Amino acid sequence: MSSPLLFQPLRLDGLELENRIIIAPMCQYSARDGEATDWHMMHLGQLAISGAGLLTLEATAVSPEARITYGDLGLWDDGTERALARVLDAVRDYAPVPVCIQIAHAGRKASSEPPWRGGQQVRPDSPRGWLTEAPSALAHAEGEVAPRALDREDMKRIRDGFAATARRAVRLGIEAAEIHAAHGYLLHQFLSPLANRRTDAYGGSLENRMRFPLEVFDAVREVFPGGSPVWVRVSATDWVEDGWEVEQTIAFAEALKARGAAAIHVSTGGVSPRQKIAIGPGYQVPFAERVRAATDLVTIAVGLITEARQAESILIEGKADAISLARAVLYDPRWPWHAAAELGAQVRAPKQYWRSQPHHLKDLFKEASFGQR
């Protein structure tokens, strides 16, 4: 009897994942001046032994001003690199899961409070705030301080920042990179006509709006070694009339595929507070399905996927190639174990936990054996 599709291997360029469960990037807002802390050690440590096929680090800023909040993780200098190295070294001592970094710049949605402090803009004259930067001098929401519009020199600095962060990630032994072009952050702001009102070669037409995100992809792809997968997370729709939508997403995905993208991670929304989202189980999956059908690019689905059989059905029906979990795996860090048990598959668990294998599931944990005097 063949293994459930959710637990079959998936190849991304030269990287083979043991299964098709991907831990999504989830901001923790718990770094200090961009440096990973003991919280990251605990958080990533438990997710690394979850049995997932890939562990993605939270949105990792390319510069201090690229952070969503003052608590965001960064990888822009030797201090942030040392701090992340400490965490990753500890995790890797006990968990063999491959690691992906999500490289990010928040654009006009930077300088925010953490969600548990309301998540609103921190004004640039506040001790913990700064003036944000974006494609155009358009505020994200009414009453906010508008960002500074980027000039060509600024864009070169940011593109070089993505490449520099990628270089540090490679030095840390990180196996894959996801470029964040979703959820209303900088690269999504370039893509969406709701945020990009430029009149130069980086605004106006779809080709022009895609230009800078594609340049950033090229810069990161050039840094990562051949065989190390690089891909992009996108918002397939803004959920706002006259905004970015799925047909444009397909065109962007085709352009990324031509440049060597290993996959596309399909989310939605985030660029405008005017969005009207029809939320329900798997509500973003139809967008992943459309992108996959149009491009034949390896597609990662995300969004209120919470049940094992739901995830398996998405794969069997050809709607996506992999399943990305965020809040579901925070709620249940052993989600892959429980999914394997429910679907009749095997999953990797740390040897220190082999004794927890239920009596009625003798083959749940790969390579497990146990003896005692």
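Nothing here was measured: the structure is a model prediction, and the numbers come from that model. Residue numbers run from 1 in the order of the sequence given.
- A cation-pi arrangement is absent between R67 and W76, since the terminal nitrogen or guanidinium carbon is not both under 6.0 Å from the aromatic centre and inside a 45° cone about the axis.
- Below 30°, between 30° and 60°, or above 60°: for H180 and H183 the angle between ring planes is above 60°, a perpendicular geometry.
- I103 and M26 fall within a single hydrophobic cluster, where Ile, Leu, Val, Met, Phe, Trp and Tyr are joined by side-chain heavy atoms under 4.5 Å apart, directly or via other members.
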Audit row: Q102, E178, side-chain hydrogen bond (donor to acceptor under 3.5 Å, both in side chains) steps and yes/no: CA-CA 5 Å; Q102 187 188 62; E178 175 176 282; 2.9 Å; yes
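- Taking the six-membered ring where tryptophan is involved, the planes of F212 and F190 are tilted, since the angle between them lies from 30° to 60°.
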Full working for ring-ring contact (aromatic ring centres under 6.0 Å, His included) between F365 and W337: CA-CA 8 Å; F365 295 155; W337 294 14; 4.8 Å; yes
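- In summary, the side chains of E254 and T295 do not present any donor paired with an acceptor at a separation below 3.5 Å, with no hydrogens or angles considered.
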Salt bridge (charged side-chain N to carboxylate O under 4.0 Å, His left out) evaluation trace for E367 with K351: CA-CA 9 Å; E367 302 170 3; K351 57 183 177 294; over 6 Å; no
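- Atom CH2 of W130 has more than 12 heavy atoms from other residues, nucleotides or ligands within 6.0 Å.
- D238 and S192 are linked by a side-chain donor-acceptor pair at a separation below 3.5 angstrom, with hydrogens and angles left out of the test.
- Smallest separation of non-hydrogen atoms from L5 and E312: N-OE2, 2.8 Å.
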Criterion side-chain hydrogen bond (donor to acceptor under 3.5 Å, both in side chains) on Q28 and H40, from CA distance to verdict: CA-CA 8 Å; Q28 297 298 294; H40 295 92; over 6 Å; no
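- Counting all heavy atoms, side chain and backbone alike, P98 lies closest to L15 at CB-CD1, 4.2 Å.
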